[in-house]
Colleague: 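Let me begin by handing over the structure; questions about it come next.
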Amino acid sequence: MEDFERIKKFIETVLDKPTFDKWISPLSFIASVNKIVLIGSTDIKKLSWIKQNLLNKINDNTKKEFGLTLKLVSFNDDDDDFLLDDTDVTKTRTKSSFDSNLQEKYTFESFVQLDQNRMAYSFAHSVSEFPAKSYNPLYIYSDVGLGKTHLMVAIGNRILENNKTLRVLYLTTNDLMKEYVEYTRHNKVSAFTEKYTSVDILLIDDIQYITRWGGTREQFYYIFNKLIQMEKQIVICSDKHPDNIPDLEHRIKSRFEWGGLVDILHYDLEGRIAILKKKIDERRKFFNNDFQIPEEVIYFLASSIKDNIRKLEGALNRLIGFANLKFSDTKNNIITLPFAKEALKPFISLSKKPSTQKGIQEFIAQKYNLKFSDLISKSNKHDIAFPRQIAMYICKKVTKIPLHEIGNNFGGKHHSTVLHSIKKIEKEIENDYEFAKEINSLVELFK
Ligand code: ADP
Ligand code: MG
């Protein structure tokens, strides 16, 4: 805290008064670690403006004067530019000649094993111990915010721990695409291919965007095949099953399915609580802080935000940020339930998914790569009819809407059609354990 007060006074002398009063004065101190002072706000526009217009000037001066750097952090989630990212605050990785792009905090130790991710964890762990010898490629898929990237990066970190000489590379599909465009612009496609076929472990995130690539996809297929041929490990993450990525070349699809194909399901309340507790411990250590979050507050958080652990963490960050603001000079602070409810009011009403039929339909359409209009169309093609049956089943399970109305909202289907669909899914659930788990996880999400 002192740091920030000192710095604030100093900044006041660097900027003119109106600028200081308008932009810097309202910011809140969060923590100060390793010469970095974390400063937060809920106002993302304000943070962006400061970042663009003032931050460099301020940091030039504070570095000279105190050896300190200010870092801006948003208390909201989804503000990628300002997410609380501790990589630059914790110790820096021992330098190796090859930049792997791995976030240090994502490790197997910091990942909570639960029924919903047990298989994914076990496959990932096995790949990290026996690269290219167990599942290759390993393909992990799930809805967003359930820990795919975390697991994938954990594989990379563990492999490097075991063997520093291996060339591990993590990047997103979009990064890869941008880089490809850059290389082609300079007529250096062969250098691009060379770079990516010379890695030992390739970790590619968010492969669903590959369909945006157009012609450049070929290049990826080439690299992919070459690496597999040379027995190099590939790990792929996606928010979709390969079958649900449109326009993916059949050959590559079946390759994805060859190695290890695992999913992560939505966590139940107990699971979300376990993860949240782990995150609270991490933050307590990181901030060197004594705040206490009672069980009832943990329960409130975990039962309010169901669909996405990243959002849950965003809420936690916001709560801790607010608590730091409020209790800036006392120790052993308890974050009470009324305080949490107040602090998270806008956050929670926004993230709570109302279980309306429309909400369910939109979610299922997105998940199975359909348009909303497909879902309510007359088409009986399996790719459309099956997700539609799932959506009907979930509507029946989690809402009180009568069958004929469910049917109406699916483009005027008769209630007997709805009933038939529900029976069909029930039967499938009885016969297929994996399918049952997936559907139950969706029901849990919307309940
Ligand atoms: P995805 O790639 O599936 O969208 P991420 O891996 O980015 O999700 O996870 C989002 C956040 O949730 C990360 O901060 C991650 O650490 C956390 N998270 C998700 N699942 C777990 C888990 N089982 N244990 C610990 N943290 C988790
Ligand atoms: Mg991810």
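The structure displayed is predicted, hence computed values, not measured ones. Each ligand, and each atom within it, is numbered from 1 in the order the structure gives. For reference, positions follow the sequence shown, starting with 1.
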Colleague: As a test of understanding, state which of L138, V199, L203, N136 forms a side chain to side chain contact (heavy atoms under 4.5 Å, CB included) with I234.
Modeller: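 Of all the options given, the one that passes is N136.
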
Colleague: Given K278, E313, K279, E109, identify the one with the heavy atom nearest to atom 26 (N) of ligand 1.
Modeller: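 Closest candidate by heavy-atom distance is K279.
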
Colleague: Any heavy atom of G271 sitting closer than 4.0 Å to ligand 1?
Modeller: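 Not so, G271 does not reach ligand 1.
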
Colleague: Out of curiosity, C237 SG to I264 CD1, how far, rounded to the nearest 0.5 Å?
Modeller: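 Rounded to the nearest 0.5 Å, the SG-CD1 separation comes to 7.5 Å.
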
Colleague: ring-ring contact (aromatic ring centres under 6.0 Å, His included) between F220 and Y196: does it pass, once the steps are laid out?
Modeller: CA-CA 9 Å; F220 172 73; Y196 284 99; 9.6 Å; no

Colleague: Only heavy atoms of N117, strictly under 4.0 Å: list the atoms of ligand 1 that pass.
Modeller: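 The atoms of ligand 1 under 4.0 Å from a heavy atom of N117 are 23 (N).
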
Colleague: Looking only at distances, please establish whether an N/O atom of ligand 1 is found under 3.5 Å from an N/O atom of V144.
Modeller: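 No; the residue has no nitrogen or oxygen that sits under 3.5 Å from a nitrogen or oxygen of the ligand.
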
Colleague: If I apply the N/O under 3.5 Å rule, does F111 come out as touching ligand 1?
Modeller: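 Between F111 and ligand 1 (N or O atoms, distance only) the closest approach is not under 3.5 Å.
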
Colleague: Under 6.0 Å between ring centres, would you say that holds for F386 and F435?
Modeller: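 Yes, close enough.
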
Colleague: Can you tell me if Y121 has a non-hydrogen atom under 4.0 Å from ligand 1?
Modeller: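 Not so, Y121 does not reach ligand 1.
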
Colleague: Compute the centroid of each ring, for Y170 and then for Y106, and state whether the two points are separated by less than 6.0 Å.
Modeller: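 No, ring centres 6.0 Å or more apart.
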
Colleague: Does the plane of the ring in F123 sit parallel, tilted or perpendicular to the ring in Y135? Use 30° and 60° as the thresholds.
Modeller: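 Taking Y135 first and then F123, their aromatic rings lie parallel (interplane angle under 30°).
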
Colleague: Among all protein non-hydrogen atoms, which one is nearest to atom 24 (N) of ligand 1, and what is the separation to 0.1 Å?
Modeller: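 Residue, atom and distance for the closest contact: V112 N, 2.8 Å.
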
Colleague: What protein heavy atom sits nearest atom 2 (O) of ligand 1, and how far off is it?
Modeller: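 I find the closest protein heavy atom is T149 OG1, 2.8 Å.
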
Colleague: Nearest to atom 20 (N) of ligand 1, what protein heavy atom do you find, and at what distance?
Modeller: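 The closest one turns out to be L146 O, 3.4 Å.
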
Colleague: One residue to check: Q113. Relative to ligand 1, which of side chain, backbone, both or neither has a non-hydrogen atom less than 4.0 Å away?
Modeller: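 It is neither part, as no heavy atom is under 4.0 Å.
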
Colleague: Return the residue, atom name and 0.1 Å-rounded distance of the protein heavy atom closest to atom 3 (O) of ligand 1.
Modeller: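 Checked against all protein heavy atoms, atom 3 (O) of ligand 1 sits closest to K148 NZ, 2.8 Å.
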
Colleague: Where is the tightest heavy-atom contact between F108 and S128, given as atom of each residue plus distance?
Modeller: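 Closest approach of F108 to S128, heavy atoms only: CE1-OG, 3.5 Å.
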
Colleague: Would you indicate which of D206, I275, L276 comes nearest to atom 21 (C) of ligand 1 when only heavy atoms are counted?
Modeller: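 Looking at heavy atoms only, I275 sits closest to atom 21 (C) of ligand 1.
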
Colleague: Side chain, backbone, both or neither: which part of S110 comes within less than 4.0 Å of ligand 1 when only heavy atoms are counted?
Modeller: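 The answer is the backbone of S110.
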
Colleague: Under the 6.0 Å and 45° cation-pi test, does K341 pair with F300?
Modeller: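 Yes, K341 lies over the aromatic ring of F300.
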
Colleague: From M152, does some N, O or S atom reach closer than 2.8 Å to the Mg ion (ligand 2)?
Modeller: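 No, since none of the N, O or S atoms of M152 sits under 2.8 Å from the Mg ion (ligand 2).
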
Colleague: Identify the heavy atoms of T193 and Q219 that sit nearest to each other, and give their distance.
Modeller: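 That closest heavy-atom pairing would be OG1-NE2, 2.7 Å.
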
Colleague: Less than 4.5 Å apart, any side-chain heavy atom of I50 and any of K46?
Modeller: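 Yes - at least one pair of side-chain heavy atoms lies under 4.5 Å apart.
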
Colleague: Run through K105, E104, H150 and flag the one making a side chain to side chain donor-acceptor pair (under 3.5 Å) with S110.
Modeller: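 Passing option: H150.
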
Colleague: Report yes if some N/O of L114 lies less than 3.5 Å from some N/O of ligand 1; otherwise report no.
Modeller: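 No, L114 has no N/O under 3.5 Å of an N/O on ligand 1.
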
Colleague: Using heavy-atom distances, let me know which of G314, G147, G145, A120 sits nearest atom 4 (O) of ligand 1.
Modeller: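 Closest candidate by heavy-atom distance is G145.
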
Colleague: Which heavy atom of the protein is the closest neighbour of atom 6 (O) of ligand 1, given with residue, atom name and distance?
Modeller: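 Sorting protein heavy atoms by distance from atom 6 (O) of ligand 1 puts H150 N, 2.8 Å first.
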
